[in-house]
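The figures that follow rest on heavy atoms only: side chains count, while hydrogens, waters and symmetry mates do not. Residue numbers start from 1 in every chain, and the chains themselves are labelled A, B, ... in the order their sequence lines are given, proteins ahead of strands.
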Amino acid sequence: MAPSLPDKPSLEGLEEKWSARWHDTGVYRFDRSKSRDEVYSIDTPPPTVSGRLHPGHVCSYTHTDITARYWRMRGKEVFYPMGWDDNSLNVVRRVSIHYGVTCDPTLPFDAGFEPPGEGTSPPVPISRPNFVMLCEQLTTELEKSYYDLWTRAGLSVDWTHTYTTIGARAQRASQWGFLRLLERGLAYTAEAPTVWDVDFRTAIAQAELEDRELPGAYHRIAFHRADDGGDVFIETTRPELIPACVALVAHPDDERYQPLFGSEVTTPLFGARVPVKAHPLADPEKGSGIAMICTFGDVTDVTWWRELDLPVRSVIGPDGRLLPVTWGAPGWEAGDADRAQAAYDELVGKTAKQAQRRIVEMLGESAELVGEPKPITHPVKFWENGSRPLEIITNRQWFIRNGGRDEELRQAMLARGNELKWHPDFMRVRYENWVNGLNGDWNITRQLPFGVPIPLWYPIDAGGVVDWENPILPAFDDLPVDPSTDVPKGYTEAQRDQPGGFAGDPNVMDTWATSSLSPQIVGGWADDPDLFEKVFPYDLRPQAHEIIRTWLFYTVLRSHFEFDRLPWTDAAISGFVFDPTRKKLSKSAGNAPDDPMNLLTQHGADAVRYWAAGGRPGQDIALDPNQFKIGRRLAIKILNASKFVLSIEAGAGAAGAPVDPSAVANALDRSMLARLRSVIDDATRAFDDYDYTRAIERIEPFFWNFCDNYLELVKGRAYAGDASALAALRLALSVVLRLFAPFLPYVTEEVWSWREEGSIHRASWPTIDEIPSGGDTEILAAAADVLSELRKVKTEAKRSMKTPIASAVVRDAAARIAAARAATDDLREAGVVEGDLVFQEADGFSVDATLTEPAA
RNA sequence: GGGCGCUUAGCUCAGCUGGUAGAGCGCUGCCCUUACAAGGCAGUGGUCGGGGGUUCGAGUCCCUCAGCGCCCACCA
């Protein structure tokens, strides 16, 4: 039931029409009756539902979709789910504002809670389960706009397979995953120095650190030798940590300080005796070559503290302010405790910054500060979500082993990275850099109100002491649990936080502890083992390069532990989209020029996808309106050329007849098909290597040459009903449409529907076996060159293209002459050559043509 | 400090194993040619970042320098 060809084909309305049709017919629905080897599965990244999507998302998700469509046409059953990341601080902020609430895990669950709504001040505190419910509610609303965008963009996602990162399924998988690691000792708790954000008052992991350049100053400060041998000068950017100083350290080979090793010095202002130690990490070139070790100023301090077996003297509290301490008490010995206390009292309760200002004044007064501080700019560690420098404080955390302090595991993780196929390959280096630079296990504990709870309770003994080392575990069937409101088996709510009772773990997991299970979550590991078996291990993980150290690494780690294998065979790493003007576009909501929905409605989805296809894996790409224009033109060209081919066929009375490749006898036709055969070959190879850009770079020039030269040359013969021409045109059109289908799903589907049954997106990817063998590609090439020259003659004479040519002489090398001569009749027709068309052998290529005189 | 990527026409980029520089856009000119005027045809345009080297021959291989972007780093 092929519909009639449109008179004036147009792109208008195609997106609404086909996205609705695809939805209704379920073309992209995953068929779970297939076996694993018939499946191609994708571990889709879940975009955060808080922020707006931007063109970069459209670009990288299109890359994945192009790949998905290719494999679907290759006959694979494609598992292409979609996720929403609603387990993030952004979401917390958004939910808080939208509903006028704030999350307080100490509150009990309230089943009947109704949020007051936006603008409520102060926000209403609610329990964590209540907060999570609102989060899911908002996510559901936001999903709608995401669905609209992705659908419009033509993503061939199966919308019956979606997941979130805070919903019950994710929590269940996430908590189960954690408990399984706990059982095997791969997750453990420890009290340890922890990188700490003083505003959010939470621990964070190494993977979420970033450096920011901040102004600071070297302060040259005098320590006093205990043997009265004079002063030792150190330089520090953090003089406020002098009370936390537990040692000085210099390089073992540093002759200046060798005499001091093993001796003691006293700290300025506080008069605490600290040893002088040797350690190879101390850099003789830096500052005065001898440094003070504080607990803790930075991660080097932690290393020194651990390796030199030093005591702890903590002065920074979880809020970033200086803690009260009692000088003279054990661990806080001072030569003159009263003087030390007096000095310290000046600092207590101040932020690090305030304390620094005050202590510098005091050091100046005591003449222990030498000279003026030297201003510098230096990198300081921040949480990527934070706004104040991180501190390092000591407290109890849950860790997952990651190779940071286990060489065997580190090597195993490096081997996994090596086993994974990276696209592009050089991204592997980033993974290796990261694994090699790990300096500790993965701290998954976050002291945040919102997130997936750590699914543990702890017994409290009769004396009220919490037993952190022997947690109470939930049963698998009870997952997910929230220990802040749920009660462990065998206890009652009344026993919460009571002697002889239990304490719920108040903390949540790092979001990556959940995201790293995305293959497990969406594949049904914890709730649909049959599905999981069909999709795991996945074929593809598409993602951005900046989260290689987090999402990619952690996912590999979790899969390594749980399944002893990679979670996917291939990782496709996308680049960034940048603005061509290098300037930030306005982000004012709605009508920003880079709003993805605007791009799609303005230029058309196929056009935007065409642009995206130009971005190779791992390469940045400019947001270029020009490319949208070109893509749109290509789509229109496909409509028109297709209509032309099919209308000629209809005119010849051959409409609907099956394509018969064996009818292609003409040398020019066979030449065109020979070229097409190599295009199929190249494009297929490129796709197999995840290089969709290379694929379209082969397909597109073929198509334009097909239109500009082949169609023009063959036109006359086709109109006359030549069987070879008709068969070649139909065959080429069928192949070209299918080659373009992954890139331009709308226009190709539209054209396909004019003549074929079923969706092109379930049609088979073209193979070279469809093309008759043989054919000399030189014939079309040579004929096109001659045709070009004939046109040039007319252009230079400023005459119309239909101006007849009285006579023409073509000169070229023998082989080229032979090739062009094979298309003589078509050349005469296309070039409107009325008189002689002569071919002569010559050294170079030239065409002399004489036009007929214009009518008087 | 270590590493990765990039540097080819005004712009965006192809140039895979070395063999006389390519595409599109832009620009200029021409053409209502019955698939396409939101089009078609043709033309203009480059000492392939700099400097060395290997080779009969290098955008393509080696060394080195520079700029841009990014990753990592124990930055007192």
Q: Considering every strand and a 4.0 Å limit on heavy-atom distances, what is the contact class for A:D301: base, sugar-phosphate, or nothing?
A: nothing
Q: Classify A:Q619 by what it touches in the nucleic acid, base, sugar-phosphate, or nothing, heavy-atom distance under 4.0 Å.
A: sugar-phosphate
Q: For the C1' atoms, the ones on B:rU47 and on B:rU28, what distance do you get once it is rounded to whole angstrom?
A: 25 Å
Q: Rounding to a whole Å, what distance do you find between A:F703:CZ and B:rG40:C1'?
A: 14 Å
Q: Out of B:rC25, B:rC72, B:rA73, which nucleotide sits closest to the side chain of A:N433?
A: B:rC72
Q: Regarding A:R717 and A:D826, does a basic nitrogen lie under 4.0 Å from an acidic carboxylate oxygen?
A: yes
Q: How close or far is atom P of B:rC74 from atom CZ of A:F296, stated in whole angstroms?
A: 16 Å
Q: In whole Å, what separates the C1' atom of B:rG59 from that of B:rA14?
A: 12 Å
Q: Report yes or no: is there a donor-acceptor pair, N or O only, under 3.5 Å between the side chain of A:D708 and the base of B:rC41?
A: no
Q: Hydrogens and angles aside, do A:E235 and A:H219 bring a side-chain donor and acceptor to less than 3.5 Å of each other?
A: no
Q: Which nucleotide in the list B:rA14, B:rA35, B:rU33 gets nearest to the side chain of A:K802?
A: B:rU33
Q: From the options B:rC70, B:rC16, B:rC25, select the nucleotide whose nearest atom is closest to the side chain of A:R694.
A: B:rC16
Q: Answer yes when A:E210 and A:K381 have at least one side-chain N-carboxylate O distance shorter than 4.0 Å, and no when they do not.
A: no
Q: How many Å lie between CD on A:E307 and P on B:rC74, as a whole number?
A: 13 Å
Q: How long is the straight-line distance from CE of A:M292 back to CD1 of A:I234, given to the nearest 0.5 Å?
A: 5.0 Å
Q: Please verify the inter-ring angle class for A:W512 with A:Y554; under 30° counts as parallel, over 60° as perpendicular, anything in between as tilted.
A: tilted
Q: Any side-chain N or O of A:K792 under 4.0 Å from OP1/OP2 of B:rC41?
A: no
Q: May I ask you to verify if any side-chain N or O of A:K794 is less than 4.0 angstrom from the OP1 or OP2 atom of B:rA42?
A: no
Q: Of the options B:rG26, B:rA76, B:rC74, whose atoms approach the side-chain atoms of A:K629 most closely?
A: B:rG26
Q: When you measure from the side chain of A:I636, which nucleotide among B:rA35, B:rA38, B:rC41 comes out closest?
A: B:rA38
Q: State which of B:rC75, B:rA37, B:rG40 makes the closest approach to the side chain of A:K8.
A: B:rA37
Q: For B:rC25, which nucleotide in any strand shown is its Watson-Crick or wobble partner with both distances under 3.5 Å?
A: B:rG10
Q: Which part of the nucleic acid, if any, lies within reach of A:A282 when heavy atoms closer than 4.0 Å are counted: base, sugar-phosphate only, or nothing?
A: base
Q: Can you figure out which of B:rA35, B:rC4, B:rA73 approaches the side chain of A:F426 most closely?
A: B:rC4
Q: Under 4.0 Å, counting only non-hydrogen atoms across every strand here, what does A:G437 touch: a base, just sugar-phosphate, or nothing?
A: sugar-phosphate
Q: Using the C1' atom on both, measure B:rG15 against B:rC6 and round to a whole Å.
A: 16 Å
Q: Please report the distance, rounded to the nearest Å, between CD in A:E285 and C1' in B:rC74.
A: 16 Å
Q: Specify whether A:F296 and A:W305 have parallel, tilted or perpendicular ring planes, treating 30° as the upper limit for parallel and 60° as the lower limit for perpendicular.
A: perpendicular
Q: Taking only side-chain nitrogens and oxygens of A:K286, does any of them come within less than 4.0 Å of OP1 or OP2 of B:rC74?
A: no
Q: How would you label the contact of A:N439 with the nucleic acid (heavy atoms, under 4.0 Å): base, sugar-phosphate, or nothing?
A: sugar-phosphate
Q: Given B:rA23, is OP1 or OP2 found less than 4.0 Å from the side-chain N or O atoms of A:Q627?
A: no
Q: Where the side chain of A:P379 is defined as all heavy atoms beyond and including C-beta, which of B:rC74, B:rC75, B:rA42 is the nearest nucleotide?
A: B:rC75
Q: Checking all strands, does A:S788 fall into the base, sugar-phosphate, or nothing category for heavy-atom contacts under 4.0 angstrom?
A: sugar-phosphate
Q: For A:L552 and B:rC72, what is the distance between atoms CG and P respectively, to the nearest whole Å?
A: 13 Å
Q: In Watson-Crick or G-U wobble terms, both distances under 3.5 Å, what is the partner of B:rC70?
A: B:rG3
Q: Within less than 4.0 Å of OP1 or OP2 of B:rA42, is there a side-chain N or O belonging to A:R791?
A: yes
Q: To the side chain of A:R633, which of B:rC70, B:rG40, B:rG43 is closest?
A: B:rG40
Q: So that I can tick it off, tell me whether A:E834 and A:K802 are bridged by a salt bridge, with the cut-off set at under 4.0 angstrom between side-chain N and carboxylate O.
A: no
Q: So which nucleotide from B:rA35, B:rG29, B:rC70 ends up closest to the side chain of A:T795?
A: B:rG29
